[in-house]
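Note that ligands are numbered from 1 as they come in the structure, with each ligand's atoms numbered from 1 the same way.
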Amino acid sequence: MIQKYVFGTPFETDAVITPIPAAQGRPPFGMISLEEGFSFTYTMEKDDIIYGLGEANRGINKRGYCYISNCTDDPEHLEDKRSFYGAHNFLILSGQSDRTSQDAPRTFGLFIDYPGKLTFDIGYTRQDLLRIACDDPDLYLYVIDGPSPYDIVKQFRQIIGRSYIPPKFAFGYGQSRWGYKDQKDFRRVAEGYRKNHLPIDMLYMDIDYMDRYKDFTVSKERFDDFKAFVQEMKDQDIRLIPIIDAGIKIEPGDPVYEEGLQKGFFCQKEDGTPFVAAVWPGYTHFTDVLDPDARAWFGSNYRFLTDMGIEGFWNDMNEPAIFFTPEGVDEVKALMQRFIDNDDPNANWDAAQEEKVTVAQLQAALKGIGNRPEDYASFYHKVDGRLVRHDKVHNLYGYNMTRAAGEAFEKIAPNKRILLFSRSSYIGMHRYGGIWTGDNKSWWSHILLNLKMLPSLNMCGFLYIGADLGGFGADTTRDLLLRWLALGVFTPLMRNHAAIGTREQECYQFENLEDLRHILGVRYRLIPYLYSEYMKAALDGDLYFKPLAFVYPDDRMALQVEDQLMLGGEIMIAPVYTQNASGRYVYLPEEMMFIKFLPDGTIRQEVLEKGHHYVEIALNEVPLFIRKGACIPVAEAAEHVAAVDTEHLTLLGYEGASYVLYEDDGLCRDPKVQGSRRTLHR
Ligand code: MIG
């Protein structure tokens, strides 16, 4: 049962696409205050678990911290951070004890459809208090009642619409690096993979492919015939996936810039002039993607690349990230001038001398010049003829930039799927694309953070997801990459990506590359299963990744597991995420078959009983667990998706088990009609 409560005049985000009549009054539990903005408070029982929030920090159980929905380009994903790139305002409270108060349900879900900054204090200020708050009392509050958190998620997924379905090739492995510049670089990487028989389907193009970071251009110096180059890569079964950034470079004479300007498609300041922000291309304008005409225009520009044979994109910098604005620079300059004018260097550390600018103040001003709240509050969107200040709808930008592309693809390529994922997002965007979780680091703790985010993202509708494998920032190590890839084997988006200036981390950069070849090979062996489970999750509004608690709700031990996940209907995954470990502890809520894909191509299987185990897992092995009575299809390893032999599948798992395999051509836009399911028996 879903109740929708309306407060004030909500902004229409189109997150929910099922019409639901407004309920009268207030939710029957929790306390709502409209005194200062909006707040919902609720007293949690000691063992209540909170799920959800999608792309957020910390655990699967979100209890014990404060999270802020405020899409932010912050590459330091430390444990104390409250905002990442996405804003996913859906949570579920799963009651574990009988409630003391009569009128409160034990378990419920909440979706707060509010596009501005929203705070989730989940037992941070007070351990037993859940408090959700924002500045403006204009929002939709959806309250979902159901017997279990899993059921509540399914109800929620029904009202937000079907999740994005990528082409099947997007289930292959992809290599990326910020720093590949020209056709020579891409040829070298393609060769590094193909010559070494390391499987690959995609090479990602970062900002350097463009002409001076201008969207919808390709550098002529770096690619002498881009269309031919796209084909050259396709001939090697590799697709090029270019990046698109949010800002359009201000460059008189440039056709994209001129058209956007002339048609008034850019976000404006109060005085009616287009808002200016510096990003990679230098000063840019942001397209007003909340305006349907501007959105259609932005999306239509992707045709420039699809016409050259491009079949996939990643949308970046769409929080939107701002390096600085002219206004911000002026403020820092003024501060600097005052700093220079005060020529007593010792006084610079003395905060008591108020009229003097200290070194610390200057440092803070420079550090804070990017993504300034003042800048986000200084420009406007046109919505139904009225102006809406950006900060009020900030969390919708990446969503609508990606929607622009997704809507355009329906026209550009009505008969086939295009790969698309975004950095910033809001619920609703899950219908148009996937996401990658941004600039992580080559840290062991980030393997675990990656794992924990997966089921939460699925709950919010995001199914095509993945993290930068091997780590984006900082230098990776061979063992870290191997362990991370062994998790990435299971994520729909499996991409190795690294930042410029870091150690090279393509699989062929390391010794004994047969180990890396093997791990990638396991991915391809599992594609029939992973694709089938993905499609079922998308078509049925189900989860691809689940916390153990969703499958074993009565197992008190399973409720606490934060480093193992259920995948699809048949398996459990438990990757190793600590350095120098020869294996790990796992908890089995029931008997399972422990499977290891060994580097010699054989598969080791062992039935383990319910309970705690230590399992040995070498660096070059991929483990998984098959649920009691289940089986999964496995193919032979292949070097790209189209080469996976889906005719000759082996069924791995329990004797007498059967598996329902979903299949389609991997491209059709209407898989409900064109896909088929068949039952395989072991
Ligand atoms: O300011 O395009 O998250 O994946 O490599 C950095 C360069 C801009 C951030 C993305 C990252 C990408 C990088 N971008």
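The environment of CD in Q579 is crowded: more than 12 heavy-atom neighbours from other residues, nucleotides or ligands sit within 6.0 Å.
A side-chain donor from one of Y426 and D113 sits under 3.5 Å from a side-chain acceptor of the other.
The backbone N or O of I250 sits nowhere less than 3.5 Å from a side-chain atom of H285 that would complete a donor-acceptor pair. Y85 contributes no side-chain N or O that, together with a main-chain N or O of W436, makes up a donor-acceptor pair within less than 3.5 Å.
Residues meeting the side chain to side chain contact (heavy atoms under 4.5 Å, CB included) test with D254, sequence neighbours left out: K214, E251, V256, Y257.
Atom CZ of residue R212 and atom CD1 of residue I207 lie 14.0 Å apart, to the nearest 0.5 angstrom.
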When you pair each N or O of ligand 1 with protein N or O atoms, which pairs come out under 3.5 Å?
{"residue": "ligand 1", "atom": "1 (O)", "partner": "W280", "partner atom": "NE1", "Å": "3.0"}
{"residue": "ligand 1", "atom": "2 (O)", "partner": "D206", "partner atom": "OD1", "Å": "2.5"}
{"residue": "ligand 1", "atom": "3 (O)", "partner": "R423", "partner atom": "NH1", "Å": "2.9"}
{"residue": "ligand 1", "atom": "3 (O)", "partner": "D439", "partner atom": "OD1", "Å": "2.5"}
{"residue": "ligand 1", "atom": "4 (O)", "partner": "H497", "partner atom": "NE2", "Å": "2.9"}
{"residue": "ligand 1", "atom": "5 (O)", "partner": "D206", "partner atom": "OD2", "Å": "2.5"}
{"residue": "ligand 1", "atom": "5 (O)", "partner": "H497", "partner atom": "NE2", "Å": "3.0"}
{"residue": "ligand 1", "atom": "14 (N)", "partner": "D316", "partner atom": "OD2", "Å": "2.8"}

